[in-house]
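The block underneath contains the structure these notes are about, expressed in structure tokens.
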Amino acid sequence: MIGTNLLKPHYVFHPTQVARRVRFAIERPSRERNSRLPWGSVIAYDPRETVGMMIGRCGVFDIVVCETLTRLTDDGETSIDVGANIGQMSSALASAAGPTGLVIAFEPHPAVFDQLTRNVRKWADVPTMARIDLRRVAVSDQEGTATLSTRFFNSNHGSASLEPTTYAESTTVDAHTVPVQPLDTAIGPGVSIGVMKIDIEGHELPALSGATDMLSAGCIRDIVFEERNEPPTVVTRLLEEHGY
């Protein structure tokens, strides 16, 4: 079984990954750490939760999405990261866009936004990266406030959602009232966007519904989003209706 587990591309072509995973398992870190991402940015992360654990063990979280965003992003263009978490995907977009580009990053959770802000400050003086414009706002189909909540926050900082959920009375819930805004309002008309990444725990449909003006005008070239169901879904139908 061990031999089979090691016969994976990221071990065969990058064998130092084996040592990285073994070291992480032995050390079992319990406090914030820093790691250099594959494109050179140094990121601070919590190794006890999902995103941080994957960065600590593998050097990157969700390598397929990172690769996709990097390949789709052109030099000098503007990108949007909806659900930026601690900033790894924003960093990848900024690195791909280069110093004349711009990344607009939305992250509503106050604690995660603080970590995101600290990470972005690390990259402010990197001459090869685009500027990252931080917005502590949740993206939806209306403007106002909403409740962002999760019962898994300690183990996964990216699990908070605006989607209504019924929790048992004994469940400890991490909940915050956060500002919400449609992308049509937050970005404004006529802004050309190269790539938009959306990962907001099931709230993708309201987020895209709040961007129908941008979608209708073809302002967003490529959209990379999380979909938990087999297409066609309400989200894919909405995008198809706008020519995607």
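Atom set for the values below is all heavy atoms of this structure, side chains included, hydrogens, waters and symmetry mates excluded.
A donor and an acceptor atom, one from each side chain of T150 and S159, are located under 3.5 Å apart.
With contacts defined as side-chain heavy-atom distances shorter than 4.5 Å, the pair L116/V120 qualifies. Proximity of V195 to R221: side-chain heavy atoms (C-beta onward) are separated by under 4.5 Å at one or more points. Between M196 and V82, the closest side-chain pair of non-hydrogen atoms falls below 4.5 Å. At a threshold of 4.5 Å between non-hydrogen side-chain atoms, the residues L134 and F113 count as touching. Counting heavy atoms from C-beta outward, I55 and I86 have side chains that approach closer than 4.5 Å. Annotation: side chain of Y244 is in contact with side chain of I220 (closest heavy-atom distance under 4.5 Å). Within the 4.5 Å cutoff, no side-chain heavy atoms of Q88 are placed close to those of M54. Using a 4.5 Å heavy-atom cutoff, the side chains of T68 and D222 are not in contact.
Side-chain atoms of W123 come within 3.5 Å of backbone atoms of V42 as a donor-acceptor pair (strictly under, hydrogens ignored). A donor-acceptor contact shorter than 3.5 Å is absent between the side chain of S91 and the backbone of G87. Checked by atom type and distance alone, the side chain of Q115 never pairs as donor or acceptor with a backbone atom of A111 at under 3.5 Å. The main-chain N or O of N85 is found under 3.5 Å from a side-chain atom of E107 such that the two form a donor-acceptor pair. Not a single donor-acceptor pair under 3.5 Å links the side chain of S95 to the backbone N or O of T128. Listed for the N156 side chain is no donor-acceptor partner under 3.5 Å among the backbone atoms of T50. A donor-acceptor contact shorter than 3.5 Å is absent between the side chain of D141 and the backbone of S209. Using modelled atom types, one side-chain atom of K197 and one backbone atom of G83 make a donor-acceptor pair closer than 3.5 Å. The closest donor-acceptor contact from the side chain of N119 to the backbone of I43 lies at 3.5 Å or more, if one exists at all.
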Requested in this report: For the pair T236 and E227, evaluate side chain to side chain donor-acceptor pair (under 3.5 Å) and give the outcome as yes or no after the intermediate values.
Outcome: CA-CA 9 Å; T236 61; E227 176 56 73; 5.9 Å; no

Query raised in the report: Yes or no on side-chain contact (heavy atoms from CB on, under 4.5 Å) for L215 and I223, after CA distance, side-chain angles and deciding distance?
Result: CA-CA 10 Å; L215 298 177; I223 301 173; 3.7 Å; yes

Requested in this report: Start with the C-alpha distance between C66 and M89, add both sets of side-chain angles, then the distance that settles side-chain contact (heavy atoms from CB on, under 4.5 Å), and finish with yes or no.
Outcome: CA-CA 6 Å; C66 285; M89 301 299 183; 3.5 Å; yes

Query - Criterion side-chain contact (heavy atoms from CB on, under 4.5 Å) on V139 and I198, from CA distance to verdict - result: CA-CA 10 Å; V139 173; I198 306 181; over 6 Å; no

Query raised in the report: Run the side-chain contact (heavy atoms from CB on, under 4.5 Å) check on V64 and E67 step by step: do they pass?
Result: CA-CA 5 Å; V64 174; E67 181 78 10; 5.8 Å; no

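Taking every heavy atom of both residues into account, E77 and L72 meet most closely at OE2-O, 3.8 Å. Nearest approach of D184 to D213, heavy atoms of both residues: OD2-N, 3.0 Å. The two residues A175 and S149 have their closest heavy-atom pair at CB-CB, 3.9 Å. Between E230 and T233, the shortest heavy-atom distance links the atoms O-CG2, 3.5 Å. The nearest pair of heavy atoms linking A146 to L162 is CB-CD2, 3.9 Å. Contact record, A44 with E32: CB-OE2, 3.6 Å, taken as the closest heavy-atom pair.
Summarising the geometry, atom CD1 belonging to I80 is positioned 4.0 Å from atom CD1 belonging to I193; distances are rounded to the nearest 0.5 Å. S161 contributes atom OG, which lies 7.5 Å from atom CD1 of I200 (distance to the nearest 0.5 angstrom). Atom-to-atom distance recorded for I132:CD1 and T117:OG1 is 10.5 Å, nearest 0.5 angstrom. Taking OG of S140 as the start and CD of E204 as the end, the distance is 11.0 Å to the nearest 0.5 Å. One distance of note links OG of S90 with CE of M129; it measures 9.0 Å at 0.5 Å rounding. Summarising the geometry, atom CZ belonging to F106 is positioned 9.5 Å from atom CG belonging to D81; distances are rounded to the nearest 0.5 Å.
Both I63 and V51 are part of a single hydrophobic cluster, where members link through side-chain heavy atoms under 4.5 Å apart. Note on L205: it does not cluster hydrophobically with V224, by side-chain heavy-atom contacts below 4.5 Å among ILVMFWY residues. Each of L37 and M53 belongs to its own hydrophobic cluster when Ile, Leu, Val, Met, Phe, Trp and Tyr are linked at side-chain heavy-atom distances under 4.5 angstrom. When the side chains of ILVMFWY residues are joined at heavy-atom separations under 4.5 Å, either directly or via intervening members, V234 and L183 end up in a single hydrophobic cluster. In this structure, I104 is not a member of the same hydrophobic cluster as V65, with clusters built from ILVMFWY side-chain heavy atoms closer than 4.5 Å.
For CZ of R121, the number of neighbouring non-hydrogen atoms (other residues, nucleotides, ligands) closer than 6.0 Å is 12 at most.
Applying the salt bridge (charged side-chain N to carboxylate O under 4.0 Å, His left out) rule to R228 yields the partners E201, E226; only residues at least two apart in sequence or on another chain are considered. Legend: residues meeting ring pair (Phe, Tyr, Trp, His ring centres under 6.0 Å) with H176, ordered by chain and number and at least two apart, are H109.
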